[in-house]
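Report on the following structure.
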Amino acid sequence: MELSNSTGEADPSIIMGVRVATSIIFGAICLIGIPGNSIVIWVILSKMKRRPSTILLILNLAIADLVVLITLPPWIYSITNGWVFGEPSCKVLTYLIYCNLYGSVFFITLMSVDRFMAVIYPFASQRWRKETSVCKVVPVVWALAFLFAVPVILVKRVQIIDGQPTCSAHKYDSEAQHIGSLVVETFIGFVIPLTVLAICYTHVARRVSQMTFKSKNRSEMLIASIVIAFVICWLPSHVRNVIEFASLMVDPGSDAFSVLAHISKFGSYVSGALAFISSAINPLLYAFAAKSLRNGFRSSVMVKVFEQMAQSTKEEYTMVRCNTTKVESIQDL
């Protein structure tokens, strides 16, 4: 989850081309993601009277994504002009990004757990899936996100690279601290959530295949698309972490170290861009769920999408409950 202005010994023209392309991509992400997430938040808060568990999780996901995207303009400026905002702002903005990126991952994971509970444990899930219960869980999720992001404040530094100050350096007290940071970021931010997602959707797919109804409702496909987007956008970032980890395991003077270091440096542009894209893509998915990009961001259409999600979850629960009751009746006979 790092933006890097490190350049190594690559061709300056290639470096400048990469920087310009990254700036353009980040600008497009801002233009799409900030209005999109703002509309999602406004629609849920002002237009929806009922906010079941799935909708509350979408609301918090949109808030986390919006905060990440609001921090983008200083990064866009710094890519070509250097970091001129000082080290404290470097630490604070990076911390905010990490907090909300962790929050996004956690809320996407919770959406899958919510679906899992509705299908696999329909009776027990009713207590958890009430609005009051979800409102108690949300602060805990945010607290964990803020906690796991704390290490970045301690190690983030402004460093002069190629004559320009950059907010890309991490100063670790030891190699063990560096390795520990990479392991925590990768496991907490990707491996564990991905494992939970895989388990949840495997069980849900298996249960749904056993039921009498097999039609894929729009909300199920929407949540699945959010999960798929999460995997696509975050996999490169954590692959880069693995490469960086591997570079720590080899001799710093070897050719292997040089190759891994260059891959890691240039990979930071791709992984950083995809990490920010992950914060902008969800409103587009909601718009596609409305079957029309042109009308997808209209508040009335967005309300219908979210209401259908709430309604389909209720119908899904009812269908599962009926199937469970039938099975129990047959067993009693």
Side-chain angles (χ1 to χ4, degrees), residues 1-4 26 29-30 33-34 36-38 40-41 44 56-76 78 83 85-111 113 134-158 167-172 177-178 180-194 196-197 226 229-230 233-234 236-238 240-241 268 271-283:
M1 288 188 283
E2 178 185 351
L3 283 174
S4 175
F26 282 177
I29 291 171
C30 278
I34 291 177
N37 283 294
S38 298
V40 170
I41 295 169
I44 293 176
L56 285 174
L57 295 175
I58 287 176
L59 171 63
N60 282 273
L61 176 61
I63 291 172
D65 289 342
L66 179 62
V67 174
V68 169
L69 296 174
I70 287 175
T71 70
L72 257 183
W75 297 107
I76 295 173
S78 72
W83 188 264
F85 309 105
E87 189 165 276
S89 63
C90 170
K91 289 176 174 286
V92 170
L93 287 178
T94 305
Y95 177 68
L96 281 176
I97 288 174
Y98 270 67
C99 287
N100 289 280
L101 290 178
Y102 273 121
S104 296
V105 171
F106 294 161
F107 285 118
I108 289 172
T109 305
L110 271 180
M111 287 170 64
V113 173
V134 177
C135 287
K136 294 177 182 178
V137 173
V138 165
V140 175
V141 174
W142 279 114
L144 289 173
F146 277 78
L147 177 64
F148 284 118
V150 166
V152 76
I153 294 181
L154 305 178
V155 301
K156 197 69 174 179
R157 297 288 187 274
V158 172
C167 179
S168 62
H170 289 79
K171 185 178 181 181
Y172 297 97
Q177 185 188 42
H178 191 176
S181 176
L182 291 174
V183 169
V184 169
E185 183 178 316
T186 299
F187 272 84
I188 300 298
F190 188 74
V191 174
I192 294 176
L194 182 60
V196 173
L197 292 172
I226 293 173
F230 157 73
C233 289
W234 281 106
S237 178
H238 296 288
R240 179 182 171 275
N241 282 353
S268 68
S271 61
L274 284 172
F276 282 111
I277 287 173
S278 72
S279 293
I281 198 170
N282 291 330

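The first residue of the sequence shown is numbered 1, and numbering continues consecutively from there.
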Taking all atoms of both residues into account, what is the closest heavy-atom pair of [X] and [Y], and its distance?
X: Ile76; Y: Cys30; result: CD1-SG, 4.2 Å
X: Ser278; Y: Ile281; result: O-CG2, 3.7 Å
X: Ala64; Y: Trp142; result: CB-CH2, 3.5 Å
X: Val105; Y: Gly189; result: CG1-O, 3.5 Å

Using a 3.5 Å distance criterion without hydrogens, assess whether the side chain of Tyr95 forms a donor-acceptor pair with backbone atoms of Phe146. yes
Asn282 (side chain) donor-acceptor with Ala62 (main chain) under 3.5 angstrom: no
Using the side chain to side chain contact (heavy atoms under 4.5 Å, CB included) criterion, which residues pair with [X]? Sequence neighbours excluded.
X: Val92; value: Leu96
X: Leu147; value: none
X: Ile70; value: Leu66
X: Glu87; value: Lys91, Arg157, Val158

Is the shortest heavy-atom distance from the side chain of Trp83 to the side chain of Ser89 under 4.5 Å? yes
So, do Pro74 and Leu93 sit near enough that their side-chain heavy atoms are less than 4.5 Å apart? yes
For Leu56 and Cys135: C-alpha separation, side-chain torsions, deciding distance, then whether side-chain contact (heavy atoms from CB on, under 4.5 Å) applies. CA-CA 8 Å; Leu56 285 174; Cys135 287; 4.2 Å; yes
[atom1]-[atom2] distance between [X] and [Y], expressed to the nearest 0.5 angstrom:
X: Ser279; Y: Asn100; atom1: OG; atom2: CG; result: 8.0 Å
X: Tyr172; Y: Ser181; atom1: OH; atom2: OG; result: 3.5 Å
X: Ile58; Y: Ile226; atom1: CD1; atom2: CD1; result: 5.5 Å
X: Leu182; Y: Arg240; atom1: CG; atom2: CZ; result: 8.5 Å
X: Thr94; Y: Leu101; atom1: OG1; atom2: CG; result: 10.5 Å
X: Leu144; Y: Tyr102; atom1: CG; atom2: OH; result: 11.5 Å

Residues in disulfide bond (SG atoms under 2.5 Å apart) with Cys99, at least two apart? none
Going by the side-chain contact (heavy atoms from CB on, under 4.5 Å) test, name the single residue among Leu110, Thr109, Ile108 that passes it with Leu57. Leu110
Consider side-chain contact (heavy atoms from CB on, under 4.5 Å). Of Ile63, Leu61, Val67, which one does Ser104 pass it with? Leu61
Hey, can you tell me if [X] and [Y] have their rings parallel, tilted or perpendicular (30° and 60° cut-offs)?
X: Phe106; Y: Phe148; value: perpendicular
X: Phe276; Y: Phe26; value: perpendicular
X: His238; Y: Trp234; value: tilted

Thr186: which residues meet the side-chain hydrogen bond (donor to acceptor under 3.5 Å, both in side chains) condition with it, sequence neighbours left out? Asn241
Pair Phe85 + Trp75: ring centers closer than 6.0 Å: no
